[in-house]
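Worksheet: one structure, shown below.
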Amino acid sequence: MKVLLLSLALDIGQVLSAPFCQAPATIQLSLGQCLVLSPDQTTDVQSWGVRIGVENASEICIVPSTVVNTTFLTSSEICGDDQLDMQGVTMTKEQCRSRRGGFITKAAVPSFSTDGLDVLNPGWVGFDNKITAAANATLQLLTQEIALVEGLITEGQMSTTSHLGLAASSSLLDRLQLLGRIGAKSWGLNSGSQSYSSPRDGSLVLGGYDSSSLAGPFFDYDITTTKPVENRFCPLQILVTGLTMNVQTANSTISRTLVDRSNKLDACIEPYDNLFRVPQAVLDTFQTVFKQATKFSGDSVQPSEYQSSLLNLEPGIVFPKDAGDFNATLRFTINYNQTVDIPVFELIRPLRGLDSKGKVVVNEKYNEIQIYASPAPEDAPVLGKAFLSQIYLYVNYENMKFHLASQNLEANTPLPVASESNSTCGVTQPETGRTAEANGLIAVGTVLGVLILVLVALAVCWKPLQRIEAKRAASKEAGALAKEARPPAPEQPRPATERGSHLDTRTNTGTPPPPPRLSGSAVSLTSEAREAGPDTQVLSADIRDGDEAFGSFGDPFDISMGGRNHNQGSSYA
């Protein structure tokens, strides 16, 4: 019986540890400061984004973008002599190269037709950008290689780095899913922070999201591909129903409402942009409060005043440092119920840009507010990475939803979770109001609970079964003694109906033992879950009785539970 019980426990462990199906795959990419070394070691590219390789070309820095469905790569023509003027400031070639995140040479990659790219990318042509060339080059995303048609950026000043196209009809996501590299057409973004005092890297998960970056529940919003924000193509739209600015001064706090229910506005979430873009009316109110708090009466500092020291890639509201501190925070209210707080270190920083060699430098004579100094084009508000520094973004084109959750600012190692798909694994996104970590703990707790119930049932049944076995053994022994005590009888054939049965001749050797009582008071079960590896948990169990008759199984035994998160899928870091 003991062997049977142990065998049953081991069988349970084997079933639970065996994979039920192949979990959908994810691809995890690092996002942050992006350095591309040049052969001469003097004109290194210093940028921000994801570093990728391009067939027959050097590595480049590329930024996640919902502006486009096609991935767009900057080509060397973008830093030609006729392309160095940026809003009245002339760039050096090294500044241009770092600003663009590096570039490829058009002649080094297989060319392709541009037919249909303008229709596929309304967000690109909507900014009066021209698509003059295309390539069919293989991209290397860490360990993954993917052949893809890319547009080439050869001219224009309406972009900075290359675009990793992640809009609703993303050819990159379509291709990765078709090849089985990701299990679902989705992605999750921890944008990190480009703050001066508290910078941090982020991550991009293709095919899912990063559960370690969540500090709260998801709030769900619909993805739209037909309704622009003003005239801007924007699949990730939210309704800003409140925006409050609080400024702490030496003597008081100034609080000013910039947006409320009476002037609520649609806004676009765009990870390609860095700063906040706001309508003219909001910008005017903001600058009025700024002057009230700092007592600064002058105008914003223009790029021409500091261009000799650095190139400002995306000019915000710049003012002299001696104008005074501006200790301001912003609170957004989205769709009446989700709030997002932007701390002062994400809103204000010393002026930063590129020196003449393309290296990142800081000019501490000036401070910069992370709001564009000019109003948003078409008055279409845009919330870029300064906003996303506090929010985790998860976009799932499987159900045409995107999700926003408070970001865990202490997240270190990403824990990718695959999106829901047609997989038999039944992978699903976490419920609204519950974090992914809580879902994982619930799943582990359920398995532990089932195991403990099984073990308790086995423990309760063990003692009665042992007593029944003892009773049978005692009865057999008593029958044998009685048989030996009788005088030998002449041998004769027994009736066929009695062959094989001793019930009719067995002597009663005494009062049978009372029926066994089923009591859990004498049973002791101890169990402990421990890590046996990155993907395996083991439940150690020991069952004992309170008296000597029952004993125990002997040494505690282990039941392997397999991975704690079966839907994690593959990841690459």
Side-chain angles (χ1 to χ4, degrees), residues 26-32 48-50 63-66 164 166 182 184 186-195 198-223 235-238 240 267-274 276 330-335 337-343 346 382-399 401-420 427-440 565 567-569 571 573:
T26 60
I27 298 175
Q28 173 196 318
L29 302 171
S30 296
L31 186 70
W48 187 96
V50 176
V63 177
S65 169
T66 68
L164 190 67
L166 296 176
I182 59 175
S186 64
W187 52 278
L189 178 70
N190 176 342
S191 71
S193 172
Q194 298 184 64
S195 161
S198 301
R200 52 189 167 81
D201 289 342
S203 66
L204 173 65
V205 176
L206 303 179
Y209 62 93
D210 171 28
S211 63
S212 72
S213 291
L214 304 182
F218 278 123
F219 289 78
D220 304 338
Y221 304 93
D222 293 329
I223 295 172
L236 309 183
Q237 297 180 25
I238 57 173
V240 178
C268 179
I269 293 178
E270 179 47 63
Y272 188 82
D273 283 67
N274 282 315
F276 294 98
L330 295 177
R331 167 165 284 192
F332 286 84
T333 302
I334 305 171
N335 283 31
N337 60 356
Q338 185 177 13
T339 58
V340 180
D341 292 315
I342 310 300
E346 295 291 352
V382 179
L383 308 180
K385 288 187 282 290
F387 175 80
L388 290 171
S389 68
Q390 307 301 302
I391 285 291
Y392 189 82
L393 170 63
Y394 167 44
V395 180
N396 191 348
Y397 296 125
E398 301 283 331
N399 57 14
K401 296 279 187 181
F402 71 97
H403 316 271
L404 301 177
S406 297
Q407 189 177 135
N408 174 16
L409 305 184
E410 304 299 324
N412 291 316
T413 303
L415 299 173
V417 176
S419 296
E420 60 185 25
V427 178
T428 59
Q429 67 188 43
E431 297 177 16
T432 302
R434 181 186 296 164
T435 64
E437 181 68 16
N439 282 336
N565 185 1
N567 63 357
Q568 179 169 322
S571 65

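Contacts of P64 classified as side chain to side chain contact (heavy atoms under 4.5 Å, CB included), with partners at least two apart in sequence or in another chain: L31, L166, L189, L204. With sequence neighbours left out, N412 forms a side chain to side chain contact (heavy atoms under 4.5 Å, CB included) with no residue at all. Residues that satisfy the ring-ring contact (aromatic ring centres under 6.0 Å, His included) test with Y392, not counting sequence neighbours, are absent from this structure. Residues passing the salt bridge (charged side-chain N to carboxylate O under 4.0 Å, His left out) test with D210: none are found, sequence neighbours excluded. Looking at residues two or more places apart in sequence or on another chain, you find a side-chain hydrogen bond (donor to acceptor under 3.5 Å, both in side chains) between Y272 and T160, H163. Taking Q390 as the reference, nothing meets the side-chain hydrogen bond (donor to acceptor under 3.5 Å, both in side chains) condition, with sequence neighbours excluded. Evaluation of the side-chain hydrogen bond (donor to acceptor under 3.5 Å, both in side chains) rule for D341 yields R331 as partners, not counting sequence neighbours. Residues passing the side-chain hydrogen bond (donor to acceptor under 3.5 Å, both in side chains) test with N408: none are found, sequence neighbours excluded. Residues meeting the side chain to side chain contact (heavy atoms under 4.5 Å, CB included) test with D201, sequence neighbours left out: none. Residues satisfying the side chain to side chain contact (heavy atoms under 4.5 Å, CB included) criterion with S406, sequence neighbours excluded, are A215.
Relative ring orientation between Y209 and Y394 is described as tilted, the plane-to-plane angle lying within the 30° to 60° band.
Residues S389 and L409 approach most closely at O-CD2, 3.6 Å, considering heavy atoms. The two residues S213 and N190 make their nearest non-hydrogen contact at OG-ND2, 3.0 Å. Scanning both residues, K385 and N274, for their nearest heavy atoms gives CE-OD1, 2.6 Å. The shortest heavy-atom contact between F402 and P235 is CE2-O, 4.5 Å. In terms of heavy atoms, A386 sits closest to I342 at O-CD1, 4.0 Å.
Between the side chains of E346 and S193, at least one donor N or O sits under 3.5 Å from an acceptor N or O.
Between I238 and L383, the closest side-chain pair of non-hydrogen atoms falls below 4.5 Å. Under the 4.5 Å side-chain criterion, counting only non-hydrogen atoms from C-beta, L206 is not in contact with T26. Counting heavy atoms from C-beta on, the side chains of F219 and I334 never come closer than 4.5 Å. Counting heavy atoms from C-beta outward, H403 and L214 have side chains that stay 4.5 Å or more apart. The shortest side-chain heavy-atom distance between L236 and E270 does not fall under the 4.5 Å cut-off. Between L29 and W187 there is no side-chain heavy-atom pair separated by less than 4.5 Å.
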Exercise. Could you please spell out the steps behind the salt bridge (Lys or Arg N to Asp or Glu O under 4.0 Å) verdict for K401 and D222?
Key: CA-CA 5 Å; K401 296 279 187 181; D222 293 329; 2.5 Å; yes
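At distances below 3.5 Å, not a single donor-acceptor pair connects side-chain atoms of R200 with backbone N or O atoms of S195. A donor-acceptor contact shorter than 3.5 Å links the side chain of S212 to the backbone of T413. Side chain of S203 to main chain of P414: no donor-acceptor pair is present (N/O by atom type, distance under 3.5 Å, no hydrogens or angles).
How far OG of S191 is from CD1 of I391: 10.0 Å, rounded to the nearest 0.5 Å. Distance check: D220 CG to N335 CG gives 11.0 Å after rounding to the nearest 0.5 Å.
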